[in-house]
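See structure below.
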Amino acid sequence: MSVKYREHKGLNLPNVAKEVLEKWKLENTFEESVNTRDENKPFVFFEGPPSANGMPGIHHVMGRAIKDIFCRYKTLKGYRVERKAGWDTHGLPVELSVEKELGITKEDIGSKITIEEYNAACKKTVMKYTDVWNKLTEDMGYWVDMSDPYITYENKYIESVWWLLKEIYNKDLMYKGYTIQPYSPKAGTGLSSHEINQPGCYQDVTDTTVVAQFKANTNDVLPENTYFLAWTTTPWTLPSNTALCVGPKIEYVLVKTFNQYTGDSVNLVLAKALIGKQLSGKYVLANEDLTIEDFSLGDKKIPYAVEKEFLGSDLVGVTYEQLLPYALPHENPEKAFQVISGNFVTTEDGTGIVHIAPTFGQDDAQVAKDFGIPPMLVLDENENPVPLINLQGKFRPEMDEFAGLYVKNEYYKDGDAPDKSVDVLIAIKLKEENKAFKVEKYVHSYPHCWRTDKPILYYPLDSWFIKISEVKSRMAEINKTINWKPKATGEGRFGNWLEGANDWNLSRSRFWGIPIPIWRTEDGTEQICIGSAEELKNECQKAVEAGLMDNNPLASFEVGNMDKSNYETFDFHKNYVDAIILVSPNGKPMKREADLIDVWFDSGSMPIAQRHYPFENQELVDNKGFGQADFIAEGVDQTRGWFYTLHAIASIVFDRPAYKNVISNGLVLDKNGVKMSKRLGNAVEPFENLSTYGADATRWYMITNAQPWDNLKFDLDGITEVQRKFFGTLYNTYGFFALYANVDGFSYSEEEVPLNKRPEIDRWVISKLNSLIQDVEEAYEIYEPTKAGRLIQGFVTDQMSNWYVRLCRRRFWRGDYTEDKIAAYQTLYTCLETVSILSSPIAPFYADQLFNDLNQVSKRHSEKSVHLTNFPIVDKNAIDKDLEERMSIAQKVSSMVLSLRKKENIKVRQPLQKIMVPVLDQDFARRIEAVKDLILSEVNVKELELLEDTAGVLVKKIKPNFKTIGKKYGKHMKAIIAITNQWSQDDIILLDKNNGWTGEIEGDPIALEMEDFEISTDDIPGWLVATEGNYTVALDETISSALKNEGIAREFVNRIQNLRKESGLEVTDRIQLQIKSDDKINLAINDNLNYICSETLANSLDLVEKIQGEKVVFEVENGVSAELVLSKV
RNA sequence: AGUCCCUUAGCUCAGUUGGUUAGAGCGCUACACUGAUAAUGUAGAGGUCCGCAGUUCAAAUCUGCGAGGGACUACCA
């Protein structure tokens, strides 16, 4: 026996991780775990690309632990799980951090710094923290191939993205439209919401506001001369009005009164809640002194009277006359000028009716679109639809007397501004035409361009869209085939989102990203979408031949050559491709559309772009399923991010789901449930955490504490608990095993002791173990890691450690190396080894160490790591539910006896004579008989007596079985309970005799059988009794003198064992004992001499009058102390 | 504003198809057990199962309304 089980000095999980990590590196364990698996049995996993320009947080540990668990699990199941890492490299955060770094702004790009230089800086910055990320990956034990990651800025990647986009383009699912965006006419550029939110952008300004009167077309509800009142702070948008919006649930009134400027009699519609606000000042409610008829223009008071009330929904569909008829929408003008409804309408200010100008407001555009209301777009000289205001911020020619005027005076050069702004002119015009109810100055906060300091407009700007609206029903259908964890996220949040999905706005007016590969003629009549480098090269060639370009920028690119170097001969980024001018079929020059693609399209393309499909890896993607993930996992915040874009692209292009199983995990909050942020200082630093507690404890805590999709309240005390409770117990169980297996030289070299030759407790724990394998496998299979972890933890702490080992201790450390002992070793070994495999996906480091500690001696596996083994196969024959039930009885009964002892203050060390258990059915009798010895030894009692109720001494209790009776006689349940509650002991005996009960309740015949009742014993008169559920136990508490002495002997054994331990003796050392003679204990010792000696490995025990050597004094029981000397032989 | 999720002991969480007295761990108190244990056992204290209404013989569980918390979307992640 040369190799021994490693005996560790204390459990240090961070060190374990370090040691195992070294081993993995040395042995290439990760590569092995992939390469040794069957190539034809792939399990496809997609790694969502993190952005490496920010530091990782503790939530990344959570997300990656989930990914890792299932990849490792599937590996154990024999799948080949390749995991290609990736980096998300484009997008606004990168650009912002570069701008900050260089001290420049978006405006400087192209002037102070070239786009080329700027993009180079972005490229450099984006990978700033790769090392940190790689370290986190390693430290937390996340296995992913970092050696060859996909990077979204690489030309190969972009080429695949372009290919996808062209596929979508070819399906006629792309179009150029517009969205309403903040726009600065002075700067001539759109602004991002980020720019709008910069401090100082919102400034208080005084604007001319108008409450306009929109004349309703008469109908059943509304009389002649009825006007809708709508308030606006931007009168310049009134010519572009195409609808009015009411709140469907808001109450409106019809008010009869007069226009203060013209004196005309008018009927006004406005929200009831705003009468006071609008009809104030001059306006007074008509009364006896001032009737409606009395008014004439010039009077100081204007009477009004409320005529009618209605709900907003009643007004929907009513049409009205255009307020300022300069132009009509070029499309569907007949649908314009009607009342629609929207939930965003409030009665906080204004009139409760909102003027809608779809071309100049985001909400406006949305609500108009929902109701099919056309925006005020007219056709320009080139037949392109444009709004009534041009890009300089001036009214178009259609606006007659207003044509050419800036809509805001601020846009004029200093000194050039007219006295009266457009807003004022419009207000005057409306007043004169009986179209203005009220004109007022109003101070409000309005966004300004941070660069020019001029007010911005919300303006329709060109964007490219994917027609999601056309494919969303198919997307919803495909979504139904995806297994979402949790289900509700897929069906609810994601499903609903799909149903209501808007077209996908792809355009981003930034610099660092994938350019939209569309080239277009100036008049927009011809365009081309480029889908590959080859195509671009060919098109460039045509352009060169047409004389539009001097040379072909892709001249040195060799078509079909997939070498990296070949793909570095050009650059697909904006700085490069914007210089390319292509030629249209009609010979016109085509320029690239200036925008970039939404970065979400980048990451959504990764299933194929990571493999440069279809230019490379066609076989893998087309025939081996690598274009479709078996499994992905990300945070729930990705529902409308990555999950969505993956799904959209795969659905549109391939008509299949991008992933079959998906876990969307919740957030990691601090222990008070507050989101972690640097600002609050409550963020947990992942590296510090990992080095303090170790990856295993952190991962185990995260996974077992809450379901992944619930938010995790991250509490360090929780990790400590896991460390102590789960890993501590597992470690100690192994330590116990190793200690004695080394003493006995157990190396699992003996023949396996057949199950039927092993004792009941061995078969029990093996049965439990196999149940565990089955349950854990199922939990992993349905992507429930929390369940798996909790099951394993329960087995380790409750079954294996606190029951099996506890009850079997003496089998390990007493007696010869018999078959029983070998069985015990084999059993415990099997448990430990199986646990190491089952828990390895969650706790990869510790599990590997445990596995190797065991395997190093036994050599049962040829694999050098637990992660290279196979998931254990359930031995269904070993599962014996009856046995598990029996043991559960033993556990319960033991616990009850211990509780009785406690109640009577009798130490467990004091043996007692007898317990009695009433049995009411033979099944129970058989079961408890089988585990009798275990119970007796656990509770330190000599006999167990089964009490059959022959004499009728047992007091019985009866409980109706609600489940079975409820089904039959639900209505009479209460009556039945009332009856059975009154039954006496005799009634219960009678029930037994008659094998049921029949009767009548409210005229209905009732027939109850024995299975409708549960009969249990309540009490055994004259005994100390504990009852729990259906079990009852009685304890004989008389202590005879023999028992008393045995108790004293056990007390001695306990003290001597403790002494041995304290003196640092090895478990195998033999000792000799001297005890000072004392009448009170002599008998107890002499009667149990053999017992004491064999328990404590004492060669001799002498009772002496005077003891020699260093004595120890202790109290045996109240008032009796003993003196003892222990010496090593 | 919309969509979705969550709410059970001081804390973290279980709670099967509705069914008997709603559980576990941590923490607290006391006592015990232990030649594996950083463990463990027993007992005690601790509950308006967020609220209201409904369905039902029976609701933590199903339905509706509401409250509180959270996430996402409201255009350049």
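Every chain is numbered from 1, with letters handed out A, B, ... down the list of sequences.
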Classify the nucleic acid contact of [X] as base, sugar-phosphate or nothing, counting any heavy atom under 4.0 Å across all strands shown.
{"X": "A:Glu95", "answer": "nothing"}
{"X": "A:Gly10", "answer": "base"}
{"X": "A:Phe737", "answer": "nothing"}
{"X": "A:Asn505", "answer": "base"}
{"X": "A:Thr797", "answer": "nothing"}

> Toward the 5' end of RNA chain B, which comes first, A:Tyr701 or A:Leu11, by nearest nucleotide?
Replying inline: A:Tyr701
>> Closest-nucleotide mapping onto RNA chain B: is A:Trp709 or A:Lys9 further toward the 5' terminus? I mean the 5' end.
In response: A:Trp709
> Quick one: OH on A:Tyr458 to CG on A:Asp364, what's the gap to the nearest 0.5 Å?
Replying inline: 11.5 Å
Write down the distance separating the [atom1] atoms in [N] and [M], rounded off to the nearest Å.
{"N": "B:rC6", "M": "B:rU12", "atom1": "C1'", "value": "15 Å"}
{"N": "B:rA74", "M": "B:rA1", "atom1": "C1'", "value": "8 Å"}
{"N": "B:rG23", "M": "B:rU8", "atom1": "C1'", "value": "10 Å"}
{"N": "B:rG64", "M": "B:rU21", "atom1": "P", "value": "28 Å"}
{"N": "B:rU16", "M": "B:rC52", "atom1": "P", "value": "23 Å"}
{"N": "B:rG46", "M": "B:rA30", "atom1": "C1'", "value": "16 Å"}
{"N": "B:rG41", "M": "B:rA24", "atom1": "P", "value": "11 Å"}
{"N": "B:rA9", "M": "B:rC4", "atom1": "P", "value": "27 Å"}

If you define the side chain from C-beta out and look only at heavy atoms, does anything of [X] sit under 4.5 Å from [Y]?
{"X": "A:Thr152", "Y": "A:Ser603", "result": "no"}
{"X": "A:Gln799", "Y": "A:Gln891", "result": "yes"}
{"X": "A:Phe643", "Y": "A:Ser664", "result": "yes"}

> Which pair of heavy atoms, one from A:Trp700 and one from A:Gly789, lies closest together, and at what distance?
Replying inline: CZ2-O, 3.4 Å
>> Using every non-hydrogen atom in the two residues, find where A:Tyr5 and A:Asp853 come nearest and quote the distance to one decimal.
In response: CD2-O, 3.5 Å
>> Below 30° counts as parallel, above 60° as perpendicular, anything between as tilted: where do the rings of A:Trp484 and A:Phe494 land?
In response: tilted
> Which of parallel (below 30°), tilted (30 to 60°) and perpendicular (above 60°) describes A:Tyr825 and A:Phe737?
Replying inline: perpendicular
> For the ring-ring contact (aromatic ring centres under 6.0 Å, His included) test, which of A:Tyr740, A:Phe736, A:Tyr829 pairs with A:Phe812?
Replying inline: A:Phe736
> Just by protein heavy atoms under 4.0 Å, how would nucleotides 27-33 of chain B read 5' to 3' in B, S and -?
Replying inline: S---SSS
>> Just the rounded figure in Å: distance from P of B:rU12 to CZ of A:Arg790.
In response: 13 Å
> Whole Å only: how far is the OH atom of A:Tyr644 from the C1' atom of B:rU3?
Replying inline: 14 Å
> In residues 725-733 of chain A, what residues come within less than 4.0 Å of RNA chain B, judged by heavy atoms?
Replying inline: A:Lys725, A:Thr729, A:Asn732, A:Thr733
> With both distances kept under 3.5 Å, what pairs with B:rU16, Watson-Crick or G-U wobble?
Replying inline: none
>> So if I take every side-chain heavy atom of A:Ser801 and compare against B:rG25, B:rA14, B:rU37, which nucleotide ends up nearest?
In response: B:rU37
>> The side chain of A:Glu721 is closest to which nucleotide in this list: B:rG25, B:rA14, B:rC76?
In response: B:rG25
>> Less than 3.5 Å apart, any donor N or O on the side chain of A:Asp598 or A:Trp504 sitting next to an acceptor on the other?
In response: yes
> For A:Tyr734 and B:rA36, is the shortest distance between a side-chain N/O and OP1 or OP2 below 4.0 Å?
Replying inline: no
